[in-house]
Structures are given as structure tokens and as C-alpha cells.
Amino acid sequence: MRFCSLGSGSAGNATLIEAGAVGGARRLLVDCGFSLRELESRLARVGLAGDHLHAVFVTHEHGDHIGCAITLASRYGVPLWMSRGTWRAIGAPELPGLIRFARDDQPIDLGALEITPFTVAHDAEEPLQLRCTDGAQCLGLLTDVGSSSPHLIEHLQGLDALLLECNHDVAMLAASRYPASLKARIGGRFGHLSNDTAAQILEACSHAGLRHVVAAHLSERNNTPDLARAALAPVWGERSERIVVADQRHGFAWIDLAQA
Ligand SMILES: [Zn+2]
Ligand SMILES: [Zn+2]
């Protein structure tokens with residue numbers, strides 16, 4: 001199994017996961033937070049097109065995640081997974097035969113890839129984040145969450161790779177020119193993860209087998225790659241120089257979970 005990002009941050013998110021043998025690989029796109037044209041051009045950067053996708057999963061209805069999901073799914077006839085709450089929040093669109101409903105803790109079989117959504121604390125209708133496995137390796141995706149929970153930590157045990165939101169540095173957010181209400185929203189229990197909370201989550205799911213950590217969904221105003229890395233470093237020790245930081249324009253290149 002391998003994964004890459006086509007872009008990560010408050011201006012748009014899209015993560016690709018590929019599992020299975022070459023030739024019979026299954027590809028899942030998690031979130032579509034760009035225009036269709038932009039997403040197609042970002043897919044082309046990794047040598048793919050819309051008709052190479054086998055499923056799309058949207059974590060929640062915020063624009064930086066839902067983006068072009070409806071047009072993408074209908075143009076390429078790709079099944080589109082989301083929670084009922086997300087579907088209602090975007091106006092319950094009709095998309096005959098393509099909308100599939102996901103629920104907390106209910107595994108979804110996508111062929112060579114199985115995904116298990118889990119509920120997180122975020123200010124959307126019914127947000128879900130994901131644990132993914134190809135039967136050999138496990139990947140956890142966690143963005144757009146305001147606070148940790150036992151439920152979330154439980155779903156992130158035994159991972160080989162973790163994509164972890166490091167949205168903001170607490171001091172940078174406090175000093176920013178954002179209005180007080182926005183600061184309270186971002187830093188609140190249903191907002192986004194600070195570097196410090198992300199480090200606590202990493203600590204709670206850290207084990208010898210966790211070989212790949214990606215810091216994602218960084219705020220371009222209230223965080224820097226160095227601050228995010230520095231926050232995670234004490235938890236991940238000498239491996240921390242290998243922490244990948246996803247960015248808005250380029251995301252990050254393929255990470256193969258089978259490789260050390
Ligand atoms: Zn987001
Ligand atoms: Zn969100």
C-alpha cells in the first residue's frame with residue numbers, strides 16, 4: 001500500500017491511497033478539495049486521471065474537503081462514500097447508484113483495500129476520519145479534528161503510517177490578526193489540532209512499527225513546517241528527521257508502507 005497527497009491545507013485537501021498488485025491496484029481518493037480542473041491537473045502530476053480512481057471518500061462537508069466530489073464522481077462514474085450527515089449538509093444530492101453511506105466503526109471493503117471510518121470532534125455535521133489496511137499494513141488519516149478522544153486513539157493503534165493534522169502553533173494563532181471568534185473556533189474542541197495536541201496523539205499511538213509520519217493540514221498563517229516538526233520530534237525521537245510535512249501546493253510524494 002502507498003499514499004500521497006495532491007495538496008494539504010485549508011485551501012484544499014486530497015489524499016490518494018493505492019493498494020494491491022500492479023495492474024490490479026485499487027485507488028481511493030480521500031477528499032476532493034479543489035475544482036475539478038485543478039484536481040485533474042494534480043492527478044496528472046502523479047500520472048493518473050479521474051478514470052483511474054475506484055472510489056472517493058469525503059470526510060466532511062467543508063469546502064476544502066468536499067470540493068469537486070459530486071462532479072468528479074458523476075463525470076467518471078466513481079462510487080462516492082460519505083456519512084449521511086455530510087450528504088445532508090451538502091443538500092442531499094441525487095447521484096443515482098454512486099452515493100454510498102459510511103458510518104462510524106463500519107469497515108468498508110474496497111477490494112484490495114479495507115477502510116474503517118471513525119467519528120471525530122469537528123464542527124461539521126457528521127465528520128469521519130479513516131483507518132485503511134491492505135491486510136498487511138495499516139495507515140491512519142487524521143485531519144480536521146479539534147480534540148483527542150479514546151475512540152480516535154483506539155482507531156490509530158498498530159499503524160505503519162499516520163497522516164496527522166498539525167494545524168497551528170498555539171502562540172502564532174493567539175498572536176494572529178484573526179478575529180477572536182475565529183481564533184476560538186480554530187483552537188476549540190471542535191476546531192483543528194494544534195501542534196501540541198497532535199504530539200499528544202502521536203504519543204498515544206506511537207509504537208515501534210510506526211515508520212512513517214506526515215504532518216498535514218498546516219495553517220499557512222499560523223504554523224510553519226519547522227514548528228510542526230519540532231513539536232512532534234520529542235515524541236518520535238531519532239526517527240523525527242524522517243517526518244514529512246505536507247504542503248498546500250505540492251502535498252507530498254508517494255510513501256510506500258512496505259518500505260522501512
Ligand atoms: Zn480542512
Ligand atoms: Zn473541516
Side-chain angles (χ1 to χ4, degrees), residues 3-17 28-35 38-39 42 56-70 72 80-91 102 104 117-130 132 139-149 151-152 155-156 162-170 172-173 176 178-179 181-195 197-198 201 214-225 228 244-252:
F3 70 119
C4 73
S5 166
L6 305 178
S8 177
S10 54
N13 295 274
T15 308
L16 262 173
I17 301 165
L28 167 69
L29 180 67
V30 179
D31 291 327
C32 308
F34 300 97
S35 68
E38 180 66 23
L39 188 75
R42 288 175 184 241
V56 174
F57 187 99
V58 171
T59 57
H60 64 297
E61 66 271 24
H62 291 161
D64 57 319
H65 298 265
I66 193 90
C68 66
I70 298 296
L72 177 80
L80 174 57
W81 293 84
M82 65 183 77
S83 69
R84 276 186 191 276
T86 299
W87 179 68
R88 280 195 299 268
I90 58 168
D104 176 52
F118 56 92
T119 301
V120 293
H122 187 55
D123 51 7
E125 205 58 50
E126 190 186 348
L128 296 170
Q129 293 293 322
L130 288 180
C132 315
L139 162 67
L141 303 182
L142 184 70
T143 68
D144 296 70
V145 50
S147 44
S148 186
S149 67
H151 186 64
L152 169 167
H155 281 85
L156 299 178
L162 172 62
L163 179 143
L164 175 62
E165 171 168 52
C166 292
N167 179 260
H168 59 274
D169 172 76
V170 171
M172 277 184 84
L173 178 63
S176 76
Y178 282 8
S181 58
L182 185 55
K183 287 182 188 179
R185 195 222 128 206
I186 293 170
R189 282 189 54 224
F190 295 91
H192 290 275
L193 288 182
S194 68
N195 293 338
T197 312
I201 291 172
V214 179
H217 212 303
L218 270 71
S219 165
E220 290 186 299
R221 291 194 185 174
N222 301 320
N223 209 354
T224 68
V244 170
V245 180
D247 81 3
Q248 187 67 77
R249 279 187 68 196
H250 304 291
F252 58 87

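Both counts, for ligands and for their atoms, begin at 1 and track the order of listing.
Put simply, the side chain of T143 does not reach to within 4.5 Å of the side chain of T15, judged on heavy atoms.
At least one test fails for R221 against the ring of Y178: distance under 6.0 Å to the centre or angle within 45° of the axis.
Among the heteroatoms counted here (N, O or S) of H217, NE2 is the one nearest to the Zn ion (ligand 1). When the Zn ion (ligand 1) is compared with the N/O/S atoms of D64, atom OD2 turns out nearest.
Rounded to 10°, the angle that ND1 of H62 and NE2 of H60 form at the Zn ion (ligand 2) is 90°. Angle subtended at the Zn ion (ligand 2) by H122 NE2 and D144 OD2: 100°, rounded to 10 degrees.
Of all heavy-atom pairs between D31 and V58, the closest is OD1-CA, 3.5 Å.
There is a side-chain donor-acceptor pair under 3.5 Å between D144 and H65.
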